[in-house]
Amino acid sequence: RTSPPIPGPTDDARKRLYAWAKDNGCACEHIRLERFDNDQTRVVAAATIGANDVVIRVPARLHLRATDDDAMGVAAFARTHNLDATLALALRLCAEAVADDSFWIQYVRCLPATFDVPTFWAWEDVARLRGSASFRRACMSRCAAARSFVLVTRSLGEEASSALSLDYERWRWALGAVQT
């Protein structure tokens, strides 16, 4: 495929996520952030990691789920409108991305701007798959993203969609994060 590589988070965003994770109970003693020659910060092993060693422990309260009740009421909205888990979690991610006081903001800022899923592929890349089983799946994925956007925005209504700054690009981004 000829699509461009996926952009990554900034070094500052990585450092803030690492600090946030440690401050909120993640056991990170086997990893650390390290600066490389290409001016990128990456997560690396802090010591030799043996077979079956726990590398990082993430407490359940740091698992972002669509089913948890949240301040913006996304989980309740998803239940009321029978959204499946994928759509509900994408909507939750959209809400967290625009909330000034979001507990998850350090995590959200570390997500890539695009993802390697068909909703982000150029049509030329999808067309190159013609004749394969992947072509049909890629087309269905792109159509499903558009259909789900219409479904969610209609269910939300104009005022709520506006409050979430929910446009197709933001929806596509959140859906890409959830699908990956």
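In this chain, numbering begins with 1 at the start of the sequence shown.
Atom CZ of R32 has more than 12 neighbouring heavy atoms from other residues, nucleotides or ligands inside a 6.0 Å radius. Summarising the local packing, CZ of R170 is surrounded by more than 12 heavy atoms from other residues, nucleotides or ligands at distances under 6.0 Å. Y107 OH: 12 or fewer foreign heavy atoms inside a 6.0 Å radius.
For the atom pair CG of D84 and OG of S148, the computed distance is 8.5 Å after rounding to the nearest 0.5 Å. Q179 CD to L89 CG: the interatomic distance, rounded to the nearest 0.5 Å, is 11.0 Å. For the atom pair CG (N82) and CG (L151), the distance works out to 10.0 Å, reported to the nearest 0.5 Å. The CG atom of L17 sits 4.5 Å away from atom SG of C110, with the distance rounded to the nearest 0.5 Å. Taking NZ of K22 as the reference point, atom SG of C28 lies at 6.5 Å (rounded to 0.5 Å).
A13 and R109 get closest at one heavy-atom pair: CB-O, 3.9 Å. Listed here is the closest heavy atom pair of N24 and P59: O-CG, 3.6 Å. Nearest heavy-atom pair across R61 and W104 is O-CH2, 3.6 Å. When every heavy atom of L91 is checked against every heavy atom of W171, the shortest pair comes out as N-CZ3, 3.7 Å. Looking at every heavy atom in both residues, A177 comes nearest to L111 through CB-CD1, 4.3 Å. The heavy-atom pair separating V98 from A163 by the smallest distance is CG2-O, 4.1 Å.
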| task | Take R128 and D125 through the salt bridge (charged side-chain N to carboxylate O under 4.0 Å, His left out) test and state the conclusion after the steps. | result | CA-CA 5 Å; R128 286 188 189 94; D125 292 335; 2.7 Å; yes
| message | Please determine whether side chain to side chain contact (heavy atoms under 4.5 Å, CB included) holds for the pair D100 and I105, giving the CA-CA distance in whole Å, both sets of side-chain angles, and the decisive distance to 0.1 Å. | response | CA-CA 8 Å; D100 293 333; I105 200 64; over 6 Å; no
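Aromatic pair Y168/W173: centroids not less than 6.0 angstrom apart.
Counting heavy atoms from C-beta outward, E29 and R57 have side chains that approach closer than 4.5 Å. Taking the side chain as every heavy atom from C-beta outward, F149 and L175 never approach each other to under 4.5 Å. The side-chain heavy atoms of F77 and L83, taken from C-beta on, include a pair separated by under 4.5 Å.
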In a table with atom names and distances, give each donor-acceptor pair under 3.5 Å that connects a side chain of residues 44-54 to protein atoms at least two apart or in another chain.
residue, atom, partner, partner atom, Å
D53, OD2, G50, N, 2.7

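In this structure, T153 contributes its side chain and V150 its backbone to a donor-acceptor pair below 3.5 Å. Under the 3.5 Å distance criterion, the side-chain polar atoms of S132 are matched with a main-chain donor or acceptor of L129. Between the side chain of R92 and the backbone N or O of R65, at least one donor-acceptor pair lies under 3.5 Å.
Put simply, V58 and L33 are part of the same group of oily side chains (I, L, V, M, F, W, Y) that touch within less than 4.5 Å, one to the next.
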